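A note on names: the letters A, B, ... follow the listed sequences, proteins ahead of strands, and every chain is numbered from 1. Here the structure is a predicted model, which is why all the values come from computation and not from measurement.
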Protein chains: 4
Amino acid sequence: MNKREVQASVKDERLVQKRRDQMIKGAVALFKEKGFHRTTTREIARAAGFSIGTLYEYIRTKEDILYLVCDSIYDHVKEQLEENLDHKQGTLESLKVGIANFFYVMDELQDEILVMYQEVKSLSKDALPYVLKKELEMVAMFENMLHKCVENGELELSEKQIKIIAHDIFVQGQMWGFRRWALRKLFTLEEYIELQTEFIFKGLGVKRDG
Amino acid sequence: MNKREVQASVKDERLVQKRRDQMIKGAVALFKEKGFHRTTTREIARAAGFSIGTLYEYIRTKEDILYLVCDSIYDHVKEQLEENLDHKQGTLESLKVGIANFFYVMDELQDEILVMYQEVKSLSKDALPYVLKKELEMVAMFENMLHKCVENGELELSEKQIKIIAHDIFVQGQMWGFRRWALRKLFTLEEYIELQTEFIFKGLGVKRDG
Amino acid sequence: MNKREVQASVKDERLVQKRRDQMIKGAVALFKEKGFHRTTTREIARAAGFSIGTLYEYIRTKEDILYLVCDSIYDHVKEQLEENLDHKQGTLESLKVGIANFFYVMDELQDEILVMYQEVKSLSKDALPYVLKKELEMVAMFENMLHKCVENGELELSEKQIKIIAHDIFVQGQMWGFRRWALRKLFTLEEYIELQTEFIFKGLGVKRDG
Amino acid sequence: MNKREVQASVKDERLVQKRRDQMIKGAVALFKEKGFHRTTTREIARAAGFSIGTLYEYIRTKEDILYLVCDSIYDHVKEQLEENLDHKQGTLESLKVGIANFFYVMDELQDEILVMYQEVKSLSKDALPYVLKKELEMVAMFENMLHKCVENGELELSEKQIKIIAHDIFVQGQMWGFRRWALRKLFTLEEYIELQTEFIFKGLGVKRDG
DNA sequence: CATGAATGAGCTTTCATTCAT
DNA sequence: TATGAATGAAAGCTCATTCAT
């Protein structure tokens with residue numbers, strides 16, 4: 001269940017990938033502006049640079065596009081995160097850097113995050129699990145970091161505490177995107193990261209954060 | 001700008017309120033199931049127990065219904081919260097109770113919260129500010145509680161810390177609703193409240209909670 | 001077939017007349033502004049000063065209102081014309097005055113004329129003949145005048161000539177109403193009357209008018 | 001401001017013209033029977049031989065159809081008139097032929113004329129000027145003819161007389177269409193033309209018409 | 001007699017999807 | 001493979017008319 005296959009009429013895999021990239025790019029821009037439901041397939045086709053007929057050579061339903069978009073965003077985020085992942089995991093310092101990195105990525109991809117955030121619920125019962133699974137994988141990255149810190153004796157946390165704090169961190173990252181209408185007026189990104197990190201670290205029971 | 005008036009053709013205020021209540025109830029159920037865009041006005045009318053013609057005697061556009069729903073949810077939540085608001089504000093104990101109350105309300109109204117959470121973005125530029133304002137008012141309730149604790153010398157927090165933690169608490173409450181697909185498998189409501197409260201209180205720098 | 005009865009639920013004849021007058025007045029104003037089809041029965045009721053329920057106590061269908069309006073306009077025009085009808089009929093002078101009078105009435109009632117002109121075609125096959133009959137009666141007034149002039153030896157015209165010229169005069173009068181968008185820029189009412197009278201009298205073969 | 005462009009989704013200009021012709025033809029027939037407001041877009045689509053969806057590929061609103069119809073009628077009339085325009089303009093003979101031609105065209109296109117006559121007022125404030133302008137252009141054709149006769153010394157008329165008589169001729173032509181319910185019972189087309197021409201020529205002050 | 005809430009048929013318009021070229 | 005014209009189900013909304021009060 002790692003990927004939900006989206007059927008294409010076209011056989012050439014390379015072409016399929018290329019066309020889908022075009023169409024995801026166009027779709028994200030449009031969804032950001034007007035949401036999934038208010039965006040028409042014609043508009044997506046036009047934004048992607050080809051005709052409506054061609055669009056339907058690479059997908060089967062409009063919802064496929066939403067799935068492709070969500071999927072691509074997750075891949076993008078995950079890739080970014082893994083790239084920046086500290087190799088000295090298990091230290092508080094590396095946890096701190098990990099959190100900051102995550103927040104930076106969320107800021108960078110804020111439009112995509114917002115889109116995905118608002119539109120996942122439009123995914124069919126069919127496609128939803130694949131997307132939620134990816135979300136859990138990302139939460140698991142933080143669980144992992146926390147785990148390693150516990151193993152290293154840097155932190156003292158129960159399993160449940162790890163779980164909930166991983167979720168909290170993850171949601172705080174998303175928050176920066178989906179509550180920007182409020183948060184931007186109060187904090188710069190750097191302030192936000194600093195304040196949240198401080199809050200988290202105290203919450204973790206760390207006496208002095210580095 | 002306290003309320004955005006939704007125009008009705010019917011004059012009898014009491015009837016308007018009654019019919020709108022029916023309609024909100026039906027709409028929430030439907031939005032929960034299929035979202036705002038996939039729900040038709042006819043379905044809402046039927047769920048409310050009257051005809052499509054009657055529906056439009058009480059609103060002007062479909063979006064009015066969404067606004068009415070969001071508005072009513074906020075009123076409901078706020079009412080619940082204020083009702084349970086501790087009178088010995090300014091103590092850590094009262095803060096703790098306040099947070100727990102909030103989480104309980106969020107659990108009780110989880111369907112409504114979920115709906116509102118997913119659909120606010122469908123509100124027009126026109127109606128959105130009214131709803132966001134209400135959201136900020138609720139965040140302000142937590143800011144207030146924190147403020148009083150600071151004034152009483154129970155906590156030591158900067159303005160910015162107060163702001164961000166109020167947002168964090170608020171989002172943690174919502175989280176229980178919008179991430180229930182994940183959280184329910186991990187925690188009971190009581191566990192969730194306990195763990196989050198512990199996390200928050202540590203984050204606030206409280207040595208011993210309770 | 002002198003009148004097409006419009007059924008009312010209310011028995012009191014005086015009241016029926018009063019209410020209908022109110023509603024005709026309101027309807028003319030509305031039809032003038034937006035035409036019959038774009039005017040709603042509710043608007044007519046409001047303009048008439050009573051409720052939609054009351055409106056339907058005095059008519060059976062929306063089309064009845066149109067019939068009532070047309071009928072009333074014709075009565076109005078005819079009344080005006082007969083009032084001003086010269087008693088020395090049969091002279092060219094009296095014909096000239098009659099034409100001028102007609103044009104003045106058409107100017108005075110131009111809004112009503114325009115409304116009726118544009119909306120008669122919306123009358124049902126049922127009501128139309130009654131209205132057309134009235135129109136012919138008015139044309140007949142000019143035929144009469146012309147006849148008398150012929151009998152008096154003032155003019156020399158065949159039956160067919162009389163008929164067509166009566167129609168021409170009548171349409172020239174209406175023209176001032178329904179082509180006002182063009183004519184007003186070119187002539188004052190007085191100029192229009194003078195020029196048209198001159199044209200008609202020459203067309204009648206009169207060597208020297210007036 | 002020579003044409004108000006009606007937007008089409010379809011690009012192929014030839015196809016657009018073809019489909020619009022189908023649609024105009026169907027619409028004229030329906031408007032004639034029941035008027036613009038009582039005709040539904042579905043009926044027009046069916047009459048034109050395609051689906052409602054296809055209809056809307058070639059127009060944007062129902063009113064566009066009315067504009068297209070009016071526009072096409074004017075073009076048709078003008079084309080017919082110009083085709084038959086005498087080259088020896090400036091003689092009374094050519095004027096007489098011109099008038100007769102106009103009346104013949106009005107008879108030929110009587111359905112279209114009637115439709116347009118009754119429905120122009122349903123055009124939006126936006127489209128109306130384009131149509132009225134065309135009407136004035138047609139009136140101007142008669143002004144032209146009269147002018148040339150004056151220049152040639154065949155007639156003696158002031159500017160204002162020319163203007164009003166051009167309007168009169170034009171309206172007499174339309175009359176044959178919009179008052180046919182009365183005129184047909186009295187005259188054949190030939191009689192009508194003969195009588196009106198005689199009337200006009202006398203009105204012009206011509207002693208003996210050719 | 002007067003009221004106005006209720007009704008639902010029917011309207012215009014949109015848009016995902018197909019398929020012949 | 002690519003195109004875009006054609007389709008029609010389905011949506012939001014209106015409004016003439018009724019009828020219980």
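Contact annotation for A/K11: backbone-only contact, meaning every heavy-atom pair under 4.0 Å involves sugar-phosphate atoms and none involves a base. D/R19 comes within 4.0 angstrom of the backbone, heavy atoms only, and of no base.
Between C/Y117 and D/F178, the ring planes lie perpendicular to each other; the angle is over 60°, past the 30° to 60° tilted range. The aromatic rings of B/H37 and A/H37 lie parallel to each other, their planes meeting at an angle below 30°, with 60° marking the opposite boundary.
Between A/T54 and F/dT3, a side-chain N or O to OP1/OP2 separation shorter than 4.0 Å is present. Proximity of D/S51 to the phosphate of F/dT7: a side-chain N or O atom is located under 4.0 Å from OP1 or OP2.
Straight-line distance from the CZ atom of A/F50 to the P atom of F/dT3: 9 Å, rounded to whole Å. For the pair B/L55 CG and F/dT14 C1', the computed distance is 13 Å after rounding to whole Å. Between the CD atom of D/Q22 and the P atom of F/dA5 there is a distance of 15 Å, rounded to whole Å. With rounding to whole Å, D/I44 atom CD1 is found 10 Å from E/dT13 atom P. Between the CZ atom of D/R46 and the C1' atom of F/dA6 there is a distance of 17 Å, given to the nearest Å.
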Shorter than 3.5 Å, N or O on both sides, protein versus nucleotides 16-19 of chain F: list them out with atom names.
residue : atom : partner : partner atom : Å
F/dA16  : OP1  : C/K62   : NZ           : 3.2
F/dA16  : OP2  : C/T41   : N            : 2.7
F/dA16  : OP2  : C/T41   : OG1          : 2.8
F/dT17  : OP2  : C/Y56   : OH           : 2.8
F/dT17  : OP2  : C/K62   : N            : 2.8

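When all heavy atoms of B/V10 and B/V16 are compared, the closest pair comes out as O-CG2, 3.5 Å.
A distance-only check finds no donor-acceptor pair linking the side chain of B/R42 to the backbone of B/I52 [under 3.5 Å]. Judged by distance alone, with hydrogens and angles left aside, the side-chain atoms of B/E119 form a donor-acceptor pair with the main-chain N or O of B/F36 at under 3.5 Å. Listed for the B/R20 side chain is no donor-acceptor partner under 3.5 Å among the backbone atoms of B/L68. Remark: side-chain polar atoms of D/K62 are paired, donor with acceptor, to backbone N or O of D/T39 under 3.5 angstrom.
Sequence order on DNA chain E of the closest nucleotides to D/E43 and B/V10 puts B/V10 first from the 5' end. The residue among D/R38 and C/D12 whose nearest nucleotide of DNA chain E is located toward the 5' end is C/D12.
The pair A/K34-A/E43 meets the salt-bridge criterion, with a side-chain N (NZ, NE, NH1 or NH2) lying under 4.0 Å from an Asp/Glu carboxylate O. Using a cutoff of 4.0 Å between basic side-chain nitrogens and carboxylate oxygens, A/R4 and A/D64 are scored as salt-bridged.
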Treat a base pair as Watson-Crick or G-U wobble with both distances under 3.5 Å, then lay out DNA chain F in dot-bracket form, 5' to 3', with | for cross-strand pairs.
.||||||||||||||||||||
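Of the listed nucleotides (F/dA5, F/dT1, E/dA6), E/dA6 has the atom at the smallest distance from the side chain of B/Y58.
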